[in-house]
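In what follows, every heavy atom counts, from backbone to side chain, and hydrogens, waters and symmetry copies are set aside.
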Amino acid sequence: MIKIILKLLLLVTLVLPSLVQADDADSDLYYASAKAFERNSHFEARLGAGYDFSNPYLNVFSLQAGGYWLAMRNLAIGLEGTTFFSSKRGSTETLQANLGNNGLLLNVNAPQYRFNVAFRATPVTGLVNLFGSKIIKAEMSVIMRGGVIQYQSVAMGPMVGFGLETQLGITPQFGIFTGISFDLEKPGSTAWQGRTGFVLGPSYRF
């Protein structure tokens, strides 16, 4: 699943720009759109919904909100907050019942919320001409994160991670982003553990 998502992210940013029309009929549309997307924005707000691929015991959904300062054309610094919603998988309930019949206990701690800083670098950008009538801006970014995460029944602990993101600018202000993240977390006194998640949502620059 992760490999498929990575391939889709690369497809959007690397293959679709090759569809840009270069004929004279579309040149006015292309250059007018290019000029519009060059408008300087200083801040960006995002709202995303996500899912955790890596938890073997829980279905973990997330809701993320973030604010970013567009420090440079290809660099953004921001703050993110994430809340998690979890439910036990059917296999987890079966396993807990079987272990309970033998006097054993399986504790499953669910993530509750996370706060982190984010540094986003965007080395790949391009304009995509859809069907010769609509120009959108495509960006591919690498994002680094560091912060804290709270799990159920254990103390708050540190987290670090990185991710790959793709953003499609429908207008100079409004866009849709998607990404996959790879995090390391150490809730409470437990050992460091990995988590992989996917997020999708709208963004607005101003």
Side-chain angles (χ1 to χ4, degrees), residues 1-22 26 29-54 62 64-80 82 114 116-147 159-184 194-206:
M1 177 65 72
I2 294 175
K3 291 182 178 179
I4 294 175
I5 292 174
L6 287 173
K7 289 179 180 179
L8 290 175
L9 291 175
L10 291 173
L11 174 66
V12 170
T13 55
L14 299 179
V15 177
L16 284 183
S18 67
L19 301 178
V20 173
Q21 302 294 324
D26 296 328
L29 171 65
Y30 182 86
Y31 289 112
S33 299
K35 186 175 181 180
F37 279 110
E38 289 176 358
R39 182 181 306 170
N40 289 328
S41 297
H42 301 288
F43 299 97
E44 180 182 13
R46 285 183 171 186
L47 184 64
Y51 182 75
D52 185 348
F53 295 121
S54 57
S62 63
Q64 178 189 100
Y68 309 85
W69 171 45
L70 306 178
M72 300 173 61
R73 185 173 183 179
N74 296 316
L75 177 65
I77 303 170
L79 296 174
E80 297 174 339
T82 306
R114 181 185 74 189
N116 63 270
V117 296
F119 300 90
R120 188 178 76 226
T122 306
V124 180
T125 63
L127 295 178
V128 180
N129 189 340
L130 294 179
F131 308 109
S133 60
K134 176 64 176 177
I135 300 291
I136 63 175
K137 186 176 183 179
E139 299 178 347
M140 185 172 185
S141 305
V142 177
I143 187 166
M144 304 294 295
R145 294 184 172 94
M159 62 77 56
V160 295
F162 77 96
L164 297 175
E165 292 186 348
T166 295
Q167 177 155 301
L168 300 179
I170 309 302
T171 71
Q173 290 79 34
F174 176 76
I176 297 174
F177 77 97
T178 182
I180 187 169
S181 60
F182 307 89
D183 299 331
L184 287 176
R195 190 166 60 83
T196 302
F198 174 76
V199 66
L200 171 70
S203 68
Y204 186 80
R205 294 181 177 181
F206 53 97

Pairwise distance CZ(F198) to OG(S62) - rounded to 0.5 angstrom: 10.5 Å
Beyond-backbone contact of F43 with W69, side-chain heavy atoms, under 4.5 angstrom: yes
Nearest-0.5 Å distance, CG of residue D183 to CG of residue N116: 8.0 Å
Pairs where residues 121-131 contributes a residue and the test salt bridge (charged side-chain N to carboxylate O under 4.0 Å, His left out) is met, not counting sequence neighbours: none
Shortest non-hydrogen contact from G194 toward L184: CA-CD2, 4.1 Å
Flag side-chain contact, heavy atom, 4.5 Å: L70 against H42: no
Reported CD-to-CD1 distance for the pair E165 and I143, which is rounded to 0.5 angstrom: 4.5 Å
side-chain contact (heavy atoms from CB on, under 4.5 Å) partner of F177, the single match among L47, L200, V199: V199
From F53 atom CZ to I180 atom CD1, the distance as rounded to the nearest 0.5 Å: 5.5 Å
Close side-chain approach of S203 to Q167, heavy-atom, < 4.5 Å: yes
Between CD1 on residue I136 and CD1 on residue I170, distance to nearest 0.5 Å: 5.0 Å
Between F182 and F162, ring centroids under 6.0 Å: yes
Min side-chain heavy-atom separation V117-I77 under 4.5 Å: no
Trace of the side-chain contact (heavy atoms from CB on, under 4.5 Å) decision for R195 with D52: CA-CA 7 Å; R195 190 166 60 83; D52 185 348; 2.9 Å; yes
Pair V142-L164, side-chain contact (heavy atoms from CB on, under 4.5 Å): steps then yes or no: CA-CA 5 Å; V142 177; L164 297 175; 3.9 Å; yes
Flag for T196-S54: side-chain donor and acceptor within less than 3.5 Å: no
Counterpart residues, salt bridge (charged side-chain N to carboxylate O under 4.0 Å, His left out), relative to E44 (two or more places apart): R46, R120, R205
OG1-CG distance between T125 and N74, expressed to the nearest 0.5 angstrom: 6.0 Å
Any R145 side-chain heavy atom under 4.5 Å of S181 side chain: yes
Parallel, tilted or perpendicular: ring planes of Y204 versus F206, cut at 30 and 60 degrees: parallel
